[in-house]
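Worksheet: one structure, shown below.
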Amino acid sequence: MNEFKTIIRKKGISKTITYTILIFIMLLPVIILHKPMIGSFKGTCIATNFKELQKCSDSGRPTTIKTTNIYDVSYNYIVDDKVVGKFLDVDLEGHVILTLADVATADELLNKTGEREISGHFNSFRSKVFKDTLKKVENDYIERFALESETITTEQARGMFFPYLLNQYDGEGFPYIIPVIIIGIIIILLLFKLIEGIKMILKPERFIIYKRTMLKNEENIEKASFELQNGPYLFQNKNVKITNNYIFDLKGYRFTYHKINEAVWMYEQKIKRYGLVETGTYLIIKFKDKVSYTLTLNLTERKKVMEILRVKNPKIIKGYSEEAKEQYQNNITKP
């Protein structure tokens, strides 16, 4: 039985590592985008001064800026040769918050007077369009200050610009709640698999499956373990081992085994993609207690395994037909 436990532990280690990596991969977007994700659940942040603006930006929340000073910087956002947005200078206590708004919103804001509101979410200046626009606007302001004989340095002028773009064009914020729910569900499912992998390491005996259920009391367990470890093997590949008395199914994270002399029906089943193109063939082995093994084998392997089963079980039903199915139903163990 120790050989069985060793196999289960190895599968458990592999499973634990695999699902730990998958969980980390699923958490990466949450780690990278944690601010806007968390912020999207907190509602809109209101900024009426620069200190509030910084807090809104740090929180990652969709933000509404209230100010009396909104200016056109004369740069458009063009998609497929069509103007779909305008860049604005939203001035808050002398700081420039470069903002992208759709054309209708931009025109409405520019035509109004007094206190106005503009809402959006913050983007870094990573895209080429945003970077180029920021650079052009900065240079325009620096040139204007120079012409107006303003006593302000280039660095001071650039320091007036808020380090994030307020993007109104894409709406008030990405609906992170949907991907968060999806990621959460996936992580929960992965956690179940991870926990199962840990259990396989700590209590491998619970994952040795004989016939239909977890192994509890199989008289020849030591004999089965000895055969798995020492053979002789009538057939073996990375997923299946067949000894004189047992078939061991080792594929994936599974470990099940069954006695050869309890196999009562075997047949080949063709795999078809979209019901049209044949992509392979399975070997199906059914046992008298209703357990079924589906083995993925090539033609040579299938012939060899079928010959072993035929020799070991001369009365085994061969091939699929309605008559064979009825015969199998009559041979299986009654519940």
Please answer whether the main-chain N or O of [Y] pairs with a side-chain N or O of [X] as donor and acceptor at a distance below 3.5 Å.
X: Asn313; Y: Ala263; value: yes
X: Lys11; Y: Leu250; value: yes
X: Gln329; Y: Lys325; value: no
X: Thr18; Y: Ser14; value: yes
X: Arg9; Y: Ile201; value: yes
X: Thr63; Y: His121; value: no

**OP:** Decide if the gap between the ring center of His95 and the ring center of Phe50 is smaller than 6.0 angstrom.
**Re:** yes
Original post:
Are Tyr164 and Phe125 near enough that their ring centres are under 6.0 Å apart?
Top reply: no
Original post:
Going through the distances and angles, do Ile78 and Val84 end up as a side-chain contact (heavy atoms from CB on, under 4.5 Å)?
Top reply: CA-CA 6 Å; Ile78 300 172; Val84 295; over 6 Å; no
Subject >> Sequence neighbours excluded, every pair satisfying side chain to side chain donor-acceptor pair (under 3.5 Å) that has a member inside residues 74-84 >> reply: Tyr75-Asp140
Original post:
Do Glu117 and Lys66 meet the salt-bridge criterion of a basic N to acidic O distance under 4.0 Å?
Top reply: yes
**OP:** For residues 152-167, pull every pair meeting salt bridge (charged side-chain N to carboxylate O under 4.0 Å, His left out), keeping only residues two or more places apart or in separate chains.
**Re:** Glu138-Arg158
Subject >> Axial cation check for Phe235 ring with Lys304, 6.0 Å and 45° limits >> reply: no
Subject >> Candidates Thr105, Asp107, Asp72 - the one meeting side chain to side chain donor-acceptor pair (under 3.5 Å) with Lys86 >> reply: Asp107
**OP:** Take Asp102 and Gln168 through the side-chain hydrogen bond (donor to acceptor under 3.5 Å, both in side chains) test and state the conclusion after the steps.
**Re:** CA-CA 7 Å; Asp102 63 68; Gln168 181 276 336; 3.0 Å; yes
Subject >> From CA spacing to verdict: ring pair (Phe, Tyr, Trp, His ring centres under 6.0 Å), Phe161, Tyr141 >> reply: CA-CA 10 Å; Phe161 285 82; Tyr141 276 48; 5.5 Å; yes
**OP:** Test Trp265 against Phe287 for ring pair (Phe, Tyr, Trp, His ring centres under 6.0 Å), laying out the working first.
**Re:** CA-CA 7 Å; Trp265 187 19; Phe287 298 85; over 10 Å; no
Subject >> Heavy-atom closest contact (Leu165 atom, Leu98 atom, distance) >> reply: CD1-O, 3.3 Å
Original post:
What are the two closest non-hydrogen atoms of Glu268 and Arg302, and how far apart are they?
Top reply: OE2-NE, 2.6 Å
**OP:** For the pair Val90 and Tyr71, evaluate side-chain contact (heavy atoms from CB on, under 4.5 Å) and give the outcome as yes or no after the intermediate values.
**Re:** CA-CA 6 Å; Val90 177; Tyr71 310 103; over 6 Å; no
Original post:
Do the side chains of Ile65 and Leu92 get nearer than 4.5 Å, heavy atoms only?
Top reply: yes
Original post:
Who are the side chain to side chain contact (heavy atoms under 4.5 Å, CB included) partners of Thr296, not counting sequence neighbours?
Top reply: Tyr282
Subject >> More than 12 heavy atoms from other groups under 6.0 Å of CZ on Phe24 >> reply: no
**OP:** Begin with the C-alpha distance, continue with both residues' side-chain angles, and end with the deciding distance and a verdict on side-chain contact (heavy atoms from CB on, under 4.5 Å) for Leu234 and Lys312.
**Re:** CA-CA 11 Å; Leu234 305 180; Lys312 290 288 183 179; 3.7 Å; yes
Subject >> Donor-acceptor side-chain pairing of Tyr293 and Thr256 below 3.5 angstrom >> reply: yes
